Amino acid sequence: MRVEHRHIIYIQGYDPRGLAQYYRMFRTELRKFGRLYQLQATIGRPKVASDDEIASWTIDTTASDWQTRTSYDFLRFEDFIQQDLASPIWRTVFNAVWIYWRLLFSGTIARFGKANWRFATFITYPHLMLLLEAVCVGAIAFVFEKGLNAIGIPDAFSIAIAAALFVALLGTVLKYTENATYVLYLLCDTIWTWEFSHRERPEWDQRIDRFAQHLVNIAKSTDADEIVIVGHSSGSFLSTEMLARALKLDPALGRHGPRIVLLTIGGNFPIVGYHAVSKEFREHLRMLAVEPSVDWIDCQARKDVMNFYQFDPITSHGIDVGAARRNPKIVPVRFRDIIRPEHYEKFRWQFFRVHFQFVMANERPNAYDFFMIVCGPVPLSARMAVPDAALDVATGDSGARDRAWKRIEAATTAAASATDLSKLEPTARRSG
């Protein structure tokens with residue numbers, strides 16, 4: 001099957017930049033994608049729903065022997081995120097430090113470290129920066145307090161003045177170094193994931209429920225050949241939540257319309273799933289692990305410290321579904337293979353830039369290519385099943401493309417047969 005129409009539902013992670021900046025980035029990267037593969041890609045302007053929660057645009061992509069139309073939905077949370085970032089600095093610092101110590105003493109940070117030490121280091125980073133800045137500011141306040149004592153100011157007054165100076169100066173330092181350190185943003189992220197895990201953010205849950213209904217409506221009405229739900233970063237667990245809730249609204253969701261594929265990239269499931277209270281979230285992971293009408297692909301990169309690399313979202317949460325398991329397919333991504341060496345060396349230590357490479361254009365043809373996933377003719381599940389054939393479709397000569405399509409069609413047929421078999425009870429599958 002060649003995809004002539006694909007519907008993408010992209011779920012924003014905890015990113016305050018929102019629609020305008022994301023769309024500009026998407027448009028810029030789409031042009032790079034077209035130049036890399038020598039094809040024509042035309043993007044429409046975004047249309048925003050009346051409630052401002054969903055923005056949509058279309059992409060028409062044309063190569064020498066295929067053409068694909070993409071409908072792209074961008075599900076928005078930036079209004080909530082911007083509200084978080086507008087919170088007073090003292091409140092953000094107090095709440096984040098209190099939550100971090102609870103994570104530390106509950107053993108959750110240690111579990112993060114066991115699953116992926118890079119991520120555990122990353123989530124600790126803003127607290128180390130906060131401590132460093134607090135020590136430096138504290139030293140200034142201490143010297144100032146001693147100076148007040150030297151000119152005869154009583155201790156009670158000098159200490160109070162020094163404490164006020166410490167709070168004001170620390171807030172100022174945090175504010176004016178934010179563009180370099182991202183400390184306040186990351187502290188807000190820590191607070192949000194804690195509150196979301198503990199179901200203390202009902203406005204997020206309500207919006208996810210509306211997005212789940214949107215998915216149900218799209219599946220019933222679209223003429224697309226496949227629906228791909230994309231969750232990047234924190235969008236990984238938000239996308240699993242949305243899909244699981246949509247399946248509860250319509251258990252036949254993936255059976256009466258186009259094939260539904262969940263693509264999680266740069267995911268960080270444990271920041272929700274490792275909390276003891278997140279039983280419902282883990283149950284949703286269990287549901288998706290065995291759901292035969294959905295393909296779930298989880299892409300991970302070792303170089304990205306903001307995702308969990310070599311991490312199984314099912315078994316690592318203590319979920320055992322035995323022979324009934326069919327999801328997710330875990331796919332490693334090497335950024336070194338998709339970026340030119342001179343550029344890779346420039347940004348390899350820029351952690352946010354690395355993290356966003358998952359949703360940016362390749363500089364070198366590769367089986368993992370976000371824009372070929374979005375705009376190309378190969379179904380996503382087949383692309384991951386026979387990645388070399390998918391790459392030949394994009395870069396090979398006519399003979400190589402013909403052979404590649406035969407392999408892709410064979411993989412698609414095999415996957416369809418496996419899906420039919422997976423609808424049987426596990427015992428029936430084992431017996432024959």
Side-chain angles (χ1 to χ4, degrees), residues 1 3 6-9 11 211-231 236-265 267 269 273 280-299 311-331 373 378-387 390 407-432:
M1 179 187 77
V3 177
R6 176 183 291 109
H7 200 117
I8 299 288
I9 299 178
I11 302 182
F211 288 160
Q213 185 62 60
H214 173 73
L215 171 58
V216 170
N217 295 342
I218 291 295
K220 290 179 178 178
S221 62
T222 187
D223 63 350
D225 300 306
E226 71 175 358
I227 297 174
V228 179
I229 303 162
V230 181
S236 59
F237 56 78
L238 295 173
S239 63
T240 59
E241 279 292 286
M242 184 193 74
L243 179 54
R245 297 181 195 191
L247 284 166
K248 289 181 178 180
L249 292 172
D250 181 5
L253 181 68
R255 296 180 175 89
H256 54 57
R259 187 70 182 174
I260 293 178
V261 186
L262 172 63
L263 174 65
T264 51
I265 46 183
F269 298 96
E280 185 178 12
F281 175 73
R282 291 190 292 273
E283 190 55 39
H284 288 166
L285 293 179
R286 179 188 297 274
M287 177 195 305
L288 296 179
V290 301
E291 176 54 48
S293 67
V294 170
D295 291 334
W296 174 10
I297 296 161
D298 184 51
C299 293
F311 177 83
D312 187 327
I314 305 304
T315 59
S316 294
H317 281 90
I319 301 170
D320 183 5
V321 295
R325 177 173 174 174
R326 63 179 315 279
N327 283 316
K329 177 181 177 62
I330 299 172
V331 178
I373 289 170
V378 180
L380 178 53
S381 298
R383 169 176 292 277
M384 297 305 179
V386 282
R407 291 185 60 199
I408 290 168
E409 288 164 6
T412 303
T413 301
S417 299
T419 297
D420 290 340
L421 184 63
S422 69
K423 293 178 183 178
L424 299 173
E425 293 295 325
T427 51
R429 294 204 303 274
R430 285 195 296 268
S431 62

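Along the sequence shown, residues carry numbers from 1. This structure is a prediction, so every number in the text was calculated from the model and none was measured.
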Examine distances only and state if a side-chain atom of S316 and a backbone atom of P313 form a donor-acceptor pair shorter than 3.5 Å. no
Could you walk me through whether I229 and F211 satisfy the side-chain contact (heavy atoms from CB on, under 4.5 Å) test, starting with their C-alpha distance in whole Å, then the side-chain angles of each, then the deciding distance to 0.1 Å, before giving a yes or no? CA-CA 11 Å; I229 303 162; F211 288 160; over 6 Å; no
Shortest non-hydrogen pair, T264 vs S239, comes out as CG2-OG, 3.6 Å
Hey, could you give me the CG/NE2 distance between D250 and H256, rounded to the nearest 0.5 Å? 3.5 Å
Taking C-beta and beyond as the side chain, do L247 and L288 meet within less than 4.5 Å on heavy atoms? yes
Tell me the closest heavy-atom pair linking F269 and L285, and the distance in Å. CD2-CD2, 4.4 Å
Can you tell me how far the CZ atom of R255 sits from the CD1 atom of I260, to the nearest 0.5 Å? 10.0 Å
Interatomic distance, M287 atom CE to R245 atom CZ [nearest 0.5 angstrom]: 10.5 Å
Hey, does P379 have a side-chain heavy atom less than 4.5 Å from the side chain of D225? no
With no hydrogens and no angle check, is any side-chain donor or acceptor of D298 less than 3.5 Å from a backbone partner on G267? no
What are the two closest non-hydrogen atoms of T240 and F237, and how far apart are they? OG1-O, 2.8 Å
If I compare all heavy atoms of P292 with all of R259, which pair ends up nearest, and what's the gap? O-NH2, 3.1 Å
I'd like to check I227 versus L215 (side-chain heavy atoms, cut-off strictly below 4.5 Å). Are they in contact? yes
Taking C-beta and beyond as the side chain, do L263 and C299 meet within less than 4.5 Å on heavy atoms? yes
For a quick test of reading the model, state the closest non-hydrogen atom pair linking A246 to L253 and the distance between them. CB-CD2, 3.9 Å
Begin with the C-alpha distance, continue with both residues' side-chain angles, and end with the deciding distance and a verdict on side-chain contact (heavy atoms from CB on, under 4.5 Å) for R325 and T315. CA-CA 11 Å; R325 177 173 174 174; T315 59; 3.6 Å; yes
Within the distance-only criterion (no hydrogens, no angle test), does the side chain of R282 pair as donor or acceptor with the backbone N or O of G273 below 3.5 angstrom? yes
Considering all heavy atoms, the nearest D320-R286 contact: O-NH1, 3.5 Å
Do D295 and K329 sit within salt-bridge range, that is, some charged N less than 4.0 Å from a carboxylate O? no
Side chains of V378 and V386, heavy atoms from C-beta outward: is any pair under 4.5 Å? no
Rounded to the nearest 0.5 angstrom, the CD1-NE2 distance for I218 and H7 is 4.0 Å
Nearest 0.5 angstrom please: S381 OG to I408 CD1, how far? 12.0 Å
Distance col, row I373:CD1 vs L380:CG, nearest 0.5 angstrom, shows 5.5 Å
